Amino acid sequence: MAREFSTVGVVGLGTMGAGIVEVFARNGIDVVAVEISAPALERGRATLTGSTDRAVAKGKLAEADRDALHERVHFAVGLDALHSVDLVIEAVPEHLDLKQRIFAELDRVCRPEAILATNTSSLSVTEISVATSRPNQVIGIHFFNPAPVMKLVEVVRTVVTAPDVVADVEALCARLGKVDVTINDRAGFIANALLFGYLNHAVGMVESHYATREDIDAAMKLGCGLPMGPLALMDLIGLDTAYEILDTMYRRGGRDRRHAPVPLLKQMVTAGLLGRKSGRGFYTYERPGSPVVVPDETTPLATDAALADGARAITKVGVVGSGTMATGIIEVFAKAGYEVVSVTRGMEKSATVCEAVKTSLNKGVVRGKLAETDRDAALGRISWSATLDHLADVDLVVEAVVEELSVKKALFASLDEICKPGVVLATTTSSLPVIDVAMATQRPADVVGLHFFNPAPVMPLVEVVRTIRTSPEATATARAVCAALGKTGVVCGDRSGFIVNALLFPYLNDAVKMLEASYSTTDDIDHAMKLGCGYPMGPFELLDVVGLDVALAIQRELYLELREPGFAPAPLLEHLVTAGYLGRKTRRGFRDHSHR
Ligand SMILES: NC(=O)c1ccc[n+]([C@@H]2O[C@H](COP(=O)([O-])OP(=O)(O)OC[C@H]3O[C@@H](n4cnc5c(N)ncnc54)[C@H](O)[C@@H]3O)[C@@H](O)[C@H]2O)c1
């Protein structure tokens, strides 16, 4: 017969524990909430009160329900208060010896039939379980941060966890309104195994001054639709916790260098910069525990004047190319009021591009997003040409021709001869080194990357790539132009994948490797990332949309440039591409799309 869970214990009321208490109490279950000391207990109580008060203020919880919720929670110092609970969830800091000590103590204090669960993110549940005399009743119940909000729970069974314990915990998750995925005991389970390499990589970008914290976070939010950027997420997780998770994953997960904590992280933890909980991490917060970011000494000035500082005036823009990106970019500039000269390789191509721009603008009119007069004005600003000579008097050229270095270099050499001095020359390349293109000209200081995302009229992000030769004025100009287009320009160095692809594709590749290792299924991995981390799509959904061939090509570039063994493309990805399973475009990728 299934167990009844009428009272549960929660040990440790920090970032996760306080939220877990709330989850149970909200669902009508009595909770014994335990901490190590009276001040820590008070902090935990305050976190719970703050969270439920915010829910009331937002109209998500009735006052009476809040009061009933609080009545269900009994606070105590010390584990002895847990003598009669049906289940305990431990959420103390991520140290194996501490957890083992607590489990040995819980084993002594709790009823023999009680289930003992750990919320560990990366430690071995098996190793924790052997500190007790009942390892078959020990399980991982891994909630996500913030626990009351995130839908996912990873249920981790060890080789000795009893099947009825797993089944009862799964039923409990359903009662809590959570979606569970049940998996074996492996470092980082599903979500963290895919998340932490990415987070650590982002920290490395900050450490090496590759891009600013604001730009990295904006890039991942706007470029991938993530609910928060990696550095803001590190602050939410807690840098001490993140450090321990990375360290454990490094040691348990095959010493993948990508999990070796970036040195900056250790320095920040030592300096007490733990993230939101201490009021300062990558960002500075109003006060400890507050989610409100306040400006500090590294916050960039967001004023128009600051953006335009050193920027050159741009009124006339040349766009070279006739593909999807060029078409979108022409539209974006024309709509923003720039005079645009489109150059293609022939008037026939120009006619096609012109039609495509018209169709797209018309869609805006039909949807009520663009006035007819604005459409006509935008079209009136575009002139169509098949010769580069018409770019002699533009202020900015955006190149969006085929992704081949020889073609781009030849084009930039011609632009160098034709364009007036002071012009900013931009390439939209997504994978080639911008410096190679820049050195095809006699003016590399004026060359930048302007990496638009597809579809350009919709996507709010542009990566502004500065090479080691790009002048501050050219970078400032590119950034100011992005702002004038209503886009967010993020500045980064000239490395393979820039910000977004460098952070995104290794994660996708890791998901393929996880599938290949038969650790989990496409559905569970997709679920885990959507429900545990709030991603708009799971990795396999996204791979099928992006195209497996595209993903493989980008991953190969990253691997070749950085020589990072962990970036080697997953053999399964290679095989699927070889087999012609490229994703939605061939109706089959990781999933079969032929019937949809
Ligand atoms: N932070 C996250 O985003 C996140 C997400 C999922 C899981 N986890 C996991 O949850 C666990 C807790 O992490 P956290 O971020 O909440 O840590 P935290 O540092 O915010 O909180 C830990 C709490 O445990 C208390 N504690 C320490 N020793 C204790 C003891 N002997 N008895 C009772 N309480 C004790 C501390 O006083 C503190 O309040 C870790 O295993 C972590 O890996 C964290």
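Just so we're clear, the structure is a prediction, and the values are computed from it rather than from any experiment. When a ligand or atom number is given, it counts from 1 through the structure's own listing order.
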Trainee: Specify side chain, backbone, both or neither for H142, according to which of its non-hydrogen atoms lie closer than 4.0 Å to ligand 1.
Mentor: side chain
Trainee: Just to check, does P93 reach to within less than 4.0 Å of ligand 1 when the distance is taken from its heavy atoms?
Mentor: yes
Trainee: Quick test: of every protein heavy atom, which one is nearest to atom 21 (O) of ligand 1, and how far off is it to 0.1 Å?
Mentor: G14 CA, 3.2 Å
Trainee: Looking only at N/O atoms, are F144 and ligand 1 under 3.5 Å apart anywhere?
Mentor: no
Trainee: Any idea which protein heavy atom is nearest atom 39 (O) of ligand 1, and the distance to it?
Mentor: E35 OE2, 2.5 Å
Trainee: How does K99 reach ligand 1, if at all, at less than 4.0 Å between non-hydrogen atoms: by side chain, backbone, both, or neither?
Mentor: side chain
Trainee: Salt-bridge test for D256 and K513: reply yes if a basic N is under 4.0 Å from a carboxylate O, no otherwise.
Mentor: no
Trainee: Is the closest basic N to carboxylate O distance between R134 and D107 below 4.0 Å?
Mentor: yes
Trainee: Is the shortest distance from a Lys or Arg side-chain nitrogen in R26 or D65 to a carboxylate oxygen in the other one below 4.0 Å?
Mentor: no
Trainee: Run the salt-bridge test on R591 and D544 with the 4.0 Å N-O cut-off and return the result as yes or no.
Mentor: no
Trainee: Considering only protein heavy atoms, which is closest to atom 18 (P) of ligand 1, and at what distance to one decimal place?
Mentor: K277 NZ, 3.7 Å
Trainee: Before accepting this row, confirm whether a basic side-chain N of the pair R280/E297 lies closer than 4.0 Å to the acidic partner's carboxylate O.
Mentor: yes
Trainee: Do me a favour and list the nearest non-hydrogen protein atom to atom 15 (O) of ligand 1 with residue, atom name and distance?
Mentor: T241 OG1, 3.2 Å
Trainee: Have a look at ligand 1 and work out which part of I237, if any, has a heavy atom under 4.0 Å from it: side chain, backbone, both or neither.
Mentor: both
Trainee: Measure the distance from atom 4 (C) of ligand 1 to every protein heavy atom, then report the residue, atom name and distance (to 0.1 Å) of the closest one.
Mentor: M16 CG, 3.2 Å
Trainee: Could you list which atoms of ligand 1 come closer than 4.0 Å to a heavy atom of E94?
Mentor: 40 (C), 41 (O), 42 (C), 43 (O)
Trainee: Quick one: nearest non-hydrogen protein atom to atom 11 (C) of ligand 1, plus distance?
Mentor: V92 O, 3.3 Å
Trainee: Could you list the atoms of ligand 1 found under 4.0 angstrom from a heavy atom of T120?
Mentor: 41 (O)
Trainee: For atom 28 (N) of ligand 1, what's the nearest protein heavy atom and its distance?
Mentor: I36 CD1, 3.8 Å
Trainee: Quick check: E90 and ligand 1, any N/O pair under 3.5 Å apart?
Mentor: no
Trainee: Hey, which atoms in ligand 1 end up nearer than 4.0 Å to a heavy atom of V11?
Mentor: 32 (N), 33 (C)
Trainee: When Y507 is tested against each of Y535, F540, F567, Y198 for ring pair (Phe, Tyr, Trp, His ring centres under 6.0 Å), which residue passes?
Mentor: Y535
Trainee: Quick test of your reading of the model: are D235 and K277 salt-bridged, counting only N-O distances below 4.0 Å?
Mentor: no
Trainee: Please identify each residue that fulfils ring pair (Phe, Tyr, Trp, His ring centres under 6.0 Å) with F5, with sequence neighbours left out.
Mentor: none
Trainee: Using a plain distance cutoff, I'd like to know if L79 has any nitrogen or oxygen under 3.5 Å from a nitrogen or oxygen of ligand 1.
Mentor: no
Trainee: Thinking salt bridges, do K99 and E94 make one under a 4.0 Å N-O criterion?
Mentor: yes
Trainee: Identify the protein heavy atom lying closest to atom 8 (N) of ligand 1, giving its residue, its atom name and the separation to 0.1 Å.
Mentor: S121 OG, 3.1 Å
Trainee: Tell me yes or no: between the side chains of T120 and H142, is some donor less than 3.5 Å from an acceptor?
Mentor: no
Trainee: With a heavy-atom distance limit of 4.0 Å, tell me whether R101 approaches ligand 1 through its side chain, its backbone, both, or neither.
Mentor: neither
Trainee: Looking at R72 and D67, is any side-chain nitrogen of the basic one under 4.0 Å from a carboxylate oxygen of the acidic one?
Mentor: no
Trainee: Salt-bridged, R213 to D296, with N to O below 4.0 Å?
Mentor: yes
Trainee: Under 3.5 Å between some N or O of ligand 1 and some N or O of N119?
Mentor: yes
Trainee: Please confirm whether N145 comes within less than 3.5 Å of ligand 1 when only nitrogen or oxygen atoms on both sides are compared.
Mentor: yes
Trainee: Under 4.0 Å between a Lys/Arg side-chain N and an Asp/Glu carboxylate O for K530 and E541?
Mentor: yes
